[in-house]
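One structure is given below, encoded as C-alpha cells.
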Protein chains: 2
Amino acid sequence: MTQHHEPALDRIRALPSWLLNRAAGRGRRLLGEAFAHEGLRMPHHAVLAAVADIGPVAQAGLVRKTGFDPKDMVGILNDLQRARLVTRTPDPDDRRKNVIALTAEGRDCLGRLAQLGDEANRALLAALTPAEREQFVALLARVAEEREEGPVG
Amino acid sequence: MTQHHEPALDRIRALPSWLLNRAAGRGRRLLGEAFAHEGLRMPHHAVLAAVADIGPVAQAGLVRKTGFDPKDMVGILNDLQRARLVTRTPDPDDRRKNVIALTAEGRDCLGRLAQLGDEANRALLAALTPAEREQFVALLARVAEEREEGPVG
DNA sequence: TAAAAAACGTTGGACACCCCAACGAAGATC
DNA sequence: GATCTTCGTTGGGGTGTCCAACGTTTTTTA
C-alpha cells in the first residue's frame, strides 16, 4: 500500500487536456509561421473566408457566422482593410452597418492562405499515417464539439 | 471550372489546427472550472506535481523539470506559497537558490487536483467510447510531440 | 406617434498560456 | 583574482478568448 506513486507530473502530461494544449500550441506555431509571410494570423483567415462565403455582409453578420467576439472582429477587419483585402463601407440602407466586401487581392490572399494552412496542417499531422489522420480528425471533431449531453431531451 | 467552392469557413473549421484549438479551449475551460474551488489553475497543478516528484528542489530544478518559463515559475510559486501548499526557503548551501518543498496541505491539495483533473478530462472525452478514448489519446500524444523529423540523424 | 427595445460598431478591460531579454547576487571555473 | 555560469527576479511582448459598456441608429411596442 505504501507503493511509490507514479510520477505525478508524467501523469498530468498524459492527460488529454495537457496533450490538447500542447498539440494546439504546436498548430498555432506552425500556422503562425506559415501565415507570417502574409502578415496575417488564424482569425484573419477565418474572417476572410467568412466574407468570401457570405458575400458583402455587415460586421454583425460576420460575428454571427464566425462566433468571434465583436471587439475582436473590429481589430481583425481593421487589419484586413489596411491590407486592402476587404473593403468596409457604410451601408446606405442602414447607417448602423458597415458593408464588408472581399477585394480581388482578398480573394487571391485567401487562396494562398488556404494552401499555406493546408501545408501547416500536413506538417502538424506528419507523424500520423493517412488512415490515422482521418481517424484522429474524426475523433477530434467530436471532442471539440461544444454540445452538452443534456439530460436526455 | 467555375464550380462553387465549398464554403471556405467550413473548410477551415474542419482543419486539425482549428479543431485542436477548439478542443484545447474546451479542456482549459473544464479544467479551469474544476480547479476554481482550489483557486488554482493548470500550471499550479503541474508545478505542485513536479515538487511532489522531485522532492525539495530549487526553482531552477522545477524550471528544467516542467519546461515552464522562469518568470512564470516565480508567479506560480508565489501563488502556491501564499496558499501554504509549498514552502520557499533560502538554501544555506547555495545562497542563490530557494528550496521549494511540499507541505502536508500541498500533498492533500495535489490529490484533490488530480481527482478534479481526471473528472474534467472524463467530461472532456465524454463523447467518445472507452476504446475511442484510448485510441484518441494515443494519436494525440504523437501529434503533440514536439520532435522535428530531422533529416535522418 | 412617442417611448421602449433591440441591433450595430466601437472602446476598454480582463484572463490563460507562451516566450524572450536583462539584471544583481552568488557560485564555479580557469 | 578574473571570467563565466547559474539562480531568482523583473519587465515586456504576443496569441486567442471573453465580458461590460457606450453612443448611434433601427425596429418594435404601447
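The model shown is predicted, which means the values in this text are computed figures rather than measured ones.
- In this pair, B:F136 and A:F136 present their aromatic rings parallel. The plane angle is below 30°, not in the 30 to 60° band.
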Heavy-atom protein contacts under 4.0 Å, nucleotides 2-15 of chain C, coded B base, S sugar-phosphate only, - none: -----BSSBBBB--
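- Ring planes of B:F68 and A:W18: parallel class, angle under 30° (limits at 30 and 60°).
- Looking at heavy atoms from C-beta onward, A:L116 lies in side-chain contact with A:E38 at the 4.5 angstrom threshold.
- Rounded to whole Å, atom P of C:dC17 lies 14 Å from atom CG of A:L20.
- In this structure, A:R88 places its CZ atom where more than 12 heavy-atom neighbours from other residues, nucleotides or ligands lie under 6.0 Å away.
- The distance between atom CZ of B:R95 and atom C1' of D:dT6, rounded to the nearest whole Å, is 15 Å.
- Rounded to whole Å, atom C1' of D:dG14 lies 16 Å from atom CG of A:L40.
- Per the geometry, CZ belonging to B:F68 stands 17 Å off C1' belonging to C:dC20, to the nearest Å.
- Protein atom CG of B:D79 is 12 Å distant from nucleotide atom P of C:dC17, rounded to whole Å.
- Distance A:D91 CG to D:dT27 P: 11 Å, rounded to the nearest Å.
- Computed from coordinates, the B:R29 CZ to C:dC17 C1' distance equals 15 Å when rounded to whole Å.
- Under a cut-off of 6.0 angstrom, the local environment of CZ in B:R133 is crowded, with over 12 non-hydrogen atoms contributed by other residues, nucleotides or ligands.
- At a threshold of 4.0 angstrom between heavy atoms, the contacts of B:M73 with the nucleic acid are absent.
- As a whole-Å value, the separation of A:E33 CD from D:dT15 C1' is 14 Å.
- Atom CD of B:E119 has more than 12 neighbouring heavy atoms from other residues, nucleotides or ligands inside a 6.0 Å radius.
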